[in-house]
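What follows is one structure encoded as structure tokens, with my remarks underneath.
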Amino acid sequence: MSQITLRNARLLAADHFTAPTTLHISNGRITASGDDAADARAGEIIDVDGQCVMPGFIESHGHPSMYGRTLLQVDVRPDVVDSIADIQNAIRDAANATEPGGWIRGAGWDETYLEDDRVPTRADLDAAAPDHPVVLTRTCRHMLLVNSKALDVCGIDDDTPDPVGGRLVRDGSGRLTGLCQEKAMDLITVPDYAPDELSGGFARAQQQFLDWGITTVHDMSTSRTDLRLYTELAASRQLSIRLRPWLWALTQMGYDGILDAALAAGVTSGLGDDWMRIQGAKFVLDGGVGGKTAALCCPYEHSDETGILYIDDETLTRHLREAVAGGLRLAIHSIGDAAIAQARRALKNIGDDEAVRTRRTRIEHCTLPAAEDLDFLAEWNIIACSSVGFIYHLGDSYLKVLGRDRMPRVYPHRSFIDRGIVAPGNSDVPVTNGNPWEGIYGAVTRTTKTGQVLDAEQNITLAEAIRAYTSDAAYTSFEEDTLGTLAPGAHADFQLYERDPFALNPAEWLHLAPSAVYVAGERQPLS
């Protein structure tokens, strides 16, 4: 039996770290701490010299396989490109390394941070790679930008109608701009990567999660291909993080739905083991704020647009009812207040109130809840799986399209906590960078990466923000006793820091990185 004792470890205790003490680990579990962790049964003794020990972070809403694919693509995130010319240069470099006719994929662009202050167009991409089909995914993952070659390959022209729940954006003369929103993305058929490429990309993703101190990740878009990859990696013991897959329910956004197949096969929530365990089914109701496709009750600033709802109430309720009857928990992507209201109506109409209330049903993102939504979440024990990491990374675009008055309603963590609503934080990686400290910084300071303060009403404390990425996140998978905690009986998934976060100013949190990360009591290599 493997036994480890950490000496001189300062353990996280709500809003502070303890005086140096000991932590005992046996066979991948924490068994005791403090005076109870006797050296007589210590096994290997590691003196950590007063470092701070925290539970491993839990990414409660991410897309690890998608992130792995992104790491194989052209990087056009705001941290890398400043202008459309920079995007064009990156595409040209990729074209020079790709056989004519081969697809060029990229991800991460956001017009908010481009010097040009506009959305790129197909003409911009045509100038960089006229002989290759090019597809660039916007940072929100709710839009694609493609060039003329890609439109031709996919059989799309100016006469192609908009699909229900999506839009092929056109210019003033009716010509396609190359921007495909929401279900229009389904029309762009891009070949997937080969299995060995997917494995390689996911290996890089796993390493990055560990570097961030993340030891468990919920995959909110698990496809057949992803599930096969995870199963193979788990069987061959190549998982270094714990995975909590949510099955992509319906065909939309370019992804094939697997709800019907899962129900036919008898797949239920809880299937799996401590390394990989199925959570439930994920449904998507609307788009994203920055691209103005999230469904709002009132229009975006300086616009008459109110976003896009994917699905009607009757159809949504039917699918949710089928999933619940089949033993699957529910996670419902609802960003705008109109989408949250639709989710609320559907959950009330399923006809199995007990299942909705007791299975820890989740509203994903829950970006702009109204007062009646908060009442519903609290009364029905619904989890607000909040993408509060967006405040730091995307808050500038939110302020631009929603206006100052709506900012106190955006990811309202103070309201969540005060009403007793469990609200784990997340990054939606690769939509934004997955470092939890950036989400923690945004939750505490309500400040964007350009220094804009969104509001002074919804701030929470550092202790509350850390809890959002540890024990609150563990609650979403019924694992609060074994994940996100240093209590006896928990998995020995933890991280060490040389500096005490409570002794730092918030700006310094952005530069924190663990000095060591352990999963199941085994120290993991860091980059």
Side-chain angles (χ1 to χ4, degrees), residues 61 63 140-144 161-169 180-188 220-223 246-264 279-289 291-300 305-326 328-352 355-356 359 361-370 372-373 376-377 380 382 384-385 387 428 431:
H61 180 124
H63 305 272
C140 61
R141 263 59 185 180
H142 288 270
M143 299 185 194
L144 300 177
D162 289 341
V164 175
R167 182 184 301 127
L168 291 165
V169 177
C180 307
Q181 297 178 330
E182 306 304 340
K183 284 189 72 68
M185 294 190 293
D186 294 348
L187 305 178
I188 307 301
M220 304 308 300
S221 57
T222 307
S223 67
W246 290 81
L247 307 179
W248 187 260
L250 308 178
T251 297
Q252 52 191 179
M253 294 175 62
Y255 300 98
D256 292 333
I258 59 174
L259 175 63
D260 289 344
L263 293 174
Q279 296 300 299
K282 157 83 173 297
F283 299 82
V284 179
L285 305 191
D286 68 340
V289 170
K292 297 192 288 189
T293 57
L296 304 184
C297 295
C298 297
Y300 289 92
E305 296 182 55
T306 56
I308 297 173
L309 276 177
Y310 280 173
I311 192 170
D312 62 83
D313 281 19
E314 182 180 352
T315 304
L316 172 63
T317 302
R318 173 170 55 82
H319 286 309
L320 297 184
R321 184 180 294 122
E322 291 168 349
V324 167
L328 290 171
R329 296 173 57 210
L330 304 177
I332 308 173
H333 166 122
S334 306
I335 287 185
D337 47 7
I340 299 172
Q342 184 184 42
R344 171 162 48 87
R345 293 192 300 271
L347 289 172
K348 286 184 174 181
N349 290 330
I350 286 175
D352 191 341
V356 174
R359 292 185 187 176
T361 300
R362 302 172 25 151
I363 300 295
E364 302 304 313
H365 308 296
C366 204
T367 304
L368 200 67
E372 53 267 37
D373 299 320
F376 171 70
L377 296 174
W380 284 60
I382 306 296
C385 210
S387 297
D428 202 10
V431 171

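Position 1 is the first residue of the sequence, and the numbers go up from there.
- The side chain to side chain donor-acceptor pair (under 3.5 Å) analysis of residues 337-346, with sequence neighbours excluded, yields the pairs Asp313-Gln342, Asp313-Arg345, Asp337-Arg409, Arg344-Asp373.
- Taking CD from Glu364 and NZ from Lys282, the interatomic distance works out to 6.0 Å, rounded to the nearest 0.5 Å.
- Side-chain contact between His333 and His142: present, with at least one pair of heavy atoms (C-beta onward) separated by less than 4.5 Å.
- Distance check, rounded to the nearest 0.5 Å: CG of Leu259 to CG of Leu247 gives 8.0 Å.
- Annotation: side-chain hydrogen bond (donor to acceptor under 3.5 Å, both in side chains) contacts of Arg359 (sequence neighbours excluded): none.
- Scored by the ring-ring contact (aromatic ring centres under 6.0 Å, His included) test, His61 finds His63, His365 as partners (sequence neighbours excluded).
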Test side chain to side chain contact (heavy atoms under 4.5 Å, CB included) applied to Leu263 and Leu328, step by step: CA-CA 9 Å; Leu263 293 174; Leu328 290 171; 3.9 Å; yes
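- Under the 3.5 Å distance criterion, the side-chain polar atoms of Trp248 are matched with a main-chain donor or acceptor of Leu250.
- When every heavy atom of Gly288 is checked against every heavy atom of Ile335, the shortest pair comes out as CA-CD1, 4.1 Å.
- Residues His319 and Ile311 have side chains in contact (heavy-atom distance under 4.5 Å, counting atoms from C-beta outward).
- For the atom pair CD1 (Ile308) and CD (Gln181), the distance works out to 5.5 Å, reported to the nearest 0.5 Å.
- A donor-acceptor distance shorter than 3.5 angstrom exists from the side chain of Asp286 to the backbone of Gly336, with no hydrogens or angles considered.
- Of the possible polar contacts, none joining the Asp256 side chain to the Thr251 backbone as a donor-acceptor pair under 3.5 Å is found.
- No donor-acceptor pair under 3.5 Å is formed between the side chain of Ser334 and the backbone N or O of Cys366.
- Residues Met185 and Tyr255 are not in side-chain contact: their nearest non-hydrogen atoms beyond the backbone lie 4.5 Å or more apart.
- Of all heavy-atom pairs spanning Ile332 and Ala343, the tightest one is CG2-CB, 4.0 Å.
- Between Glu322 and Arg318 the shortest side-chain heavy-atom distance falls below 4.5 Å.
- Partners of Lys292 under the side-chain hydrogen bond (donor to acceptor under 3.5 Å, both in side chains) rule, at least two apart in sequence or in another chain, do not exist in this structure.
- Note that CE of Met220 and SG of Cys385 are 6.5 Å apart. Values are rounded to the nearest 0.5 Å.
- Note that CG of Leu330 and CH2 of Trp246 are 7.5 Å apart. Values are rounded to the nearest 0.5 Å.
- Across every non-hydrogen atom of Ala339 and Leu285, the tightest pair is O-CD1, 3.5 Å.
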Evaluation steps, side chain to side chain contact (heavy atoms under 4.5 Å, CB included), between Ile382 and Val356: CA-CA 8 Å; Ile382 306 296; Val356 174; 3.8 Å; yes
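- Side chain of Lys183 to main chain of Asp162: no donor-acceptor pair is present (N/O by atom type, distance under 3.5 Å, no hydrogens or angles).
- Contact detail for Cys298 and Leu296: the closest heavy-atom pair is O-CB, 3.1 Å.
- Annotation: salt bridge (charged side-chain N to carboxylate O under 4.0 Å, His left out) contacts of Asp312 (sequence neighbours excluded): none.
- Residues passing the ring-ring contact (aromatic ring centres under 6.0 Å, His included) test with Phe376 are Trp380, sequence neighbours excluded.
- Put simply, the side chain of Leu347 reaches to within 4.5 Å of the side chain of Leu320, judged on heavy atoms.
- Side chain of Asp428 to backbone of Val431: no donor-acceptor contact under 3.5 angstrom is found.
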